[in-house]
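Heads up, the thing below is written out as structure tokens.
Indexing begins at 1, ligand by ligand and atom by atom, following the structure's order. Owing to the predicted nature of the structure, the values given are computational and were not obtained by experimental measurement.
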Amino acid sequence: MRPLHVATWEEVVQGQVTDVYFRRTVEVLRARGLNPVVRAEVIAKSLPQHWPWGILAGLEEAINLLKTLPVRVRAFPEGTVFRPWEPVLEIEGHYLDFAVYETALLGLLCQASGIATKAARCRKAAGDRQVVSFGARRMHPALTLMIERAAYIGGCDGTSVVLSGEFIGEGARGTVPHALILVFSWGIGSEEEATVEAMKAFDAVIAPEVPRVALIDTFNDEKFEAIRVAQALGPRLWGVRLDTPSSRRGNFRQILEEVRWELDLRGFHHVRLFVSGGIDEPEILELRSLVDGFGVGTNLSNAPVVDFSLDIVEIEGRPVAKRGKHSGAKSVWRCPDCFQDVVVPRGTLAESCPCGGTRVEILVPFLENGQVLQPLPTPKELRQRVLAQLPKVPLSGD
Ligand code: PCP
């Protein structure tokens, strides 16, 4: 019985999550006694939506898988900025020892890196404004921890799912759903007072350290709801959330300016504005001067995947690659000052950067026959690693 239609860890480790042509390839090569030592590297030749850079994520899971195999692995540390054509991971070993794991390996890196990169782009667009991952409900729940970990590493300030909060070590964040206001409208027999009464109850029942964020678009005009709930909760109101339905959204910025004006006019300068519903980079850039926080759902959890591929580039020490790929083992050197990279044949020294900086190698030994050679930082540490790099990369490739 498989209540959730997902593969188990055991099935992944047994190589069952594999495209059948890998299994047949193993059969043919084994039958012909061909099992050379190869190097295979993971690169993306381009990135979605003309992204000039990506954030590598999913590496911890990839290492958990690869450490069950007799292979050597070099990789960029998780949370590292990468660019097209840079090998972010390289496997060295007998081809038959890892052939069937290509499908699962790429799946672990492609999806998580897409989400982490989108989160980092939203982070950059938002500046010091809050960005919270609200997208778990758009994806299969078996993926929630991966999705929200990648969103957090990429730079989100928090995630909405309880279990993700425990997994990441950063308590789950949220406001209130429309359902709370709707049920209160029934409970008190009034739609007019439902938001205020629901928030008063929230304030009375929920632990004081939880920010009081009132959802103000359920029944009435956001401006008047904001004033009413601010008058009801006063200094205990952290903010108001506008999830205004698209049919009523019109000029969202003007609605927010109006709410801000009316709140400030009445001394509620402390009440922050939080928006959600269809939020992506353009909305963040347009509203960040006015809004204190963004709830990003679909555009984060359904971020485009990074089109990583794994290709053999060396067989028994001889450089060889398919058309369209560069053969041979490589090194990637990055200048910490100008943040520019060079990809060179492995063993080529490239310390000195034209900017005067001293480059360092970023494709580092990670695994040797089951031994993990690098620390696997916590999500918090990985997030800090990403935040430290973001000032050095542009939002657009122009
Ligand atoms: C949605 C819910 C999600 C937000 C919006 C993500 O509001 O709050 O977290 O939206 P997105 O996928 O468009 O970015 P509703 O669907 O109105 O749900 P609720 O009443 O539960 O807040």
Row check, Tyr152 ring normal vs Arg149 NZ/CZ: under 6.0 Å, within 45°: no

Partners passing side-chain contact (heavy atoms from CB on, under 4.5 Å) against Arg137 (at least two apart in sequence or in another chain): none

Qualifying residues under ring-ring contact (aromatic ring centres under 6.0 Å, His included), relative to Phe294, sequence neighbours excluded: none

All pairs passing ring pair (Phe, Tyr, Trp, His ring centres under 6.0 Å) where residues 97-148 contributes a residue, at least two apart: Tyr95-Phe98, Phe134-Phe274

Pair Trp238 and His270, ring centroids less than 6.0 Å apart: no

Stepwise side-chain hydrogen bond (donor to acceptor under 3.5 Å, both in side chains) test for Glu102 and Thr18: CA-CA 7 Å; Glu102 178 167 342; Thr18 188; over 6 Å; no

Amino acids contacting ligand 1, non-hydrogen cut-off under 4.0 Å: Phe134, Arg137, Arg138, Pro177, His178, Arg241, Asp243, Gly277, Gly278, Gly297, Thr298

